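Note that the structure is a prediction, hence the values are computed from the model and not measured. Quick note: numbers below take in every heavy atom, side chains included, and nothing from hydrogens, waters or symmetry partners. We count ligands from 1, going down the list as the structure has it; atoms in each ligand are counted the same way. For reference, positions follow the sequence shown, starting with 1.
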Amino acid sequence: MTRVVMSQIRKTFGESIALEDFSIIFEPGDLVCLLGPSGCGKTTALRILAGFENADSGSVTVNGEDITRVPVSKRHFGMVFQDYSLFPNMTSRENIDFGLKAQKRSSAQRTEIIDRMLFITALEDQADKFPHQMSGGQKQRVALARAIATEPNLLLLDEPLSALDAKVRESLRDEIRRLQKEIGVTTVFVTHDQDEALAIADQVGVMSRGRLEQIASPRDLYEHPVNPFVASFIGSINRFVAIAGDQGMWGVLNRWVMSDRPSVLGDTAVLGIRPEELAVDVAGDGNARITDISFLGPVTRVSVEFADHATSQNPEVIADLMSAECARLSVGDKVQVRVRDDVTSAIMMSKPESEAFTESESIVHVN
Ligand code: ATP
């Protein structure tokens, strides 16, 4: 299996800096999603990996061997693009065969591999169809089968699901994950869809403005973001003004919690509380008022506005409650919003005393 290292990559297009000091390790067999806002450099990173673009500086190594200047054709990587990029005049079978022919495999070997690929991507009944005769999901499965048929060292997927509708997206996403684990190929998957990344990745690399902010498992990213950018990019987060208490604790609404920076008496800071860490109780003399209720199935998202605007840094705070627990809530109700009793720590979103805070500054983990 393949270990790929991109090290201190810089890439500019004229005045625009697409990647700056970009370093990342893709461990053997991992499915890594590169995730970040539009224009953060995800596609550029993938294109440099593939060999379609040359970095201005920095290096790419595969199992320790420097491939920075190796051309695309010699890298032996598989690629799947958003627009499928199938050969329109070839059937599914012929599309899959294309790379195998280039590898000069024997006819018997090719037939065996194609049949296996058609089987594992559930495309047996589409084998002799041309791309225009198939649905988007089927075409993308052919593209995937074609990419993995040649047993590539690395599989690169560039927004492979974004042209598909929600249901197909979800099932193909799970299929990609299953196939990737079955064949064990190290995979880099570029997406701007957070749910997609969290659902399928072993590791998610969060990017911002050409840099890697953090790479970690989905759960670690959510629970231990290294900075406020990651904390607010992954999932939702409410910002509350916290006051200092004893033994380095911070007071947020009703609770004393720990954070990565212990408090010093007299300090204030802004701490992040996730929507599911809040509880909402109807109370005539409560601290907030419900402004919106969205039923999302098992969970209901309740938006509230605090009577004292200094409490929260957001004009609106959101709480995700179990739907079964909030049937009695209505828009306009006065409520008491509190931090749930089992919450013991919170993410530091802004330094004590509001020192200058840069988004990329690291903060240490919270428990
Ligand atoms: P998106 O999610 O919108 O596809 P991205 O994260 O993939 O965005 P890139 O396509 O890698 O971002 O672009 C990074 C930056 O580099 C952007 O500012 C973009 O405008 C710029 N850029 C990328 N390719 C080129 C190019 N060929 N010529 C000029 N600028 C480019």
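At the top of the distance list for atom 29 (C) of ligand 1, counting protein heavy atoms only, stands Phe13 CB, 3.3 Å. Atom 17 (C) of ligand 1 has as its closest protein heavy atom Gly39 O, 3.8 Å. Annotation: atom 21 (C) of ligand 1 to nearest protein heavy atom, Ser16 OG, 3.8 Å. Atom 10 (O) of ligand 1 has as its closest protein heavy atom Thr43 CB, 3.7 Å. The closest protein non-hydrogen atom to atom 9 (P) of ligand 1 is Thr44 OG1, 3.6 Å. Nearest protein neighbour of atom 16 (O) of ligand 1, counting heavy atoms only, is Ala18 CB, 3.4 Å. In this structure, the protein non-hydrogen atom closest to atom 2 (O) of ligand 1 is Lys42 NZ, 2.8 Å. Protein heavy atom nearest atom 3 (O) of ligand 1, with residue, atom name and distance: Ser38 OG, 2.6 Å.
Considering every non-hydrogen atom in both Gln214 and Val226, the closest pair reads OE1-N, 3.0 Å. For Phe77 against Pro152, the heavy-atom pair with the smallest separation is C-CB, 3.8 Å. Contact between Asp115 and Arg93 at its shortest, heavy atoms only, is OD1-NH2, 3.1 Å.
Glu170 places no side-chain N or O within donor-acceptor distance of the main-chain N or O of Lys167, the cut-off being under 3.5 Å. Under a 3.5 Å cut-off, the side chain of Arg75 and the backbone N or O of Leu49 do form a donor-acceptor pair. When atom types are taken as modelled, the side chain of Arg301 and the backbone of Ile293 share no donor-acceptor pair closer than 3.5 angstrom.
Distances from atom 24 (N) of ligand 1 to the protein include at least one heavy-atom value under 4.0 Å. Within a 4.0 Å radius of atom 19 (C) of ligand 1, the protein has no heavy atom.
Note on ring orientation: taking the six-membered ring where Trp is involved, the planes of Phe87 and Phe98 are tilted (angle from 30° to 60°).
By the 4.5 Å heavy-atom criterion applied to side chains, Val190 and Leu157 are not counted as neighbours.
Taking any N or O of Gly41, backbone or side chain, at least one lies under 3.5 Å from an N or O belonging to ligand 1.
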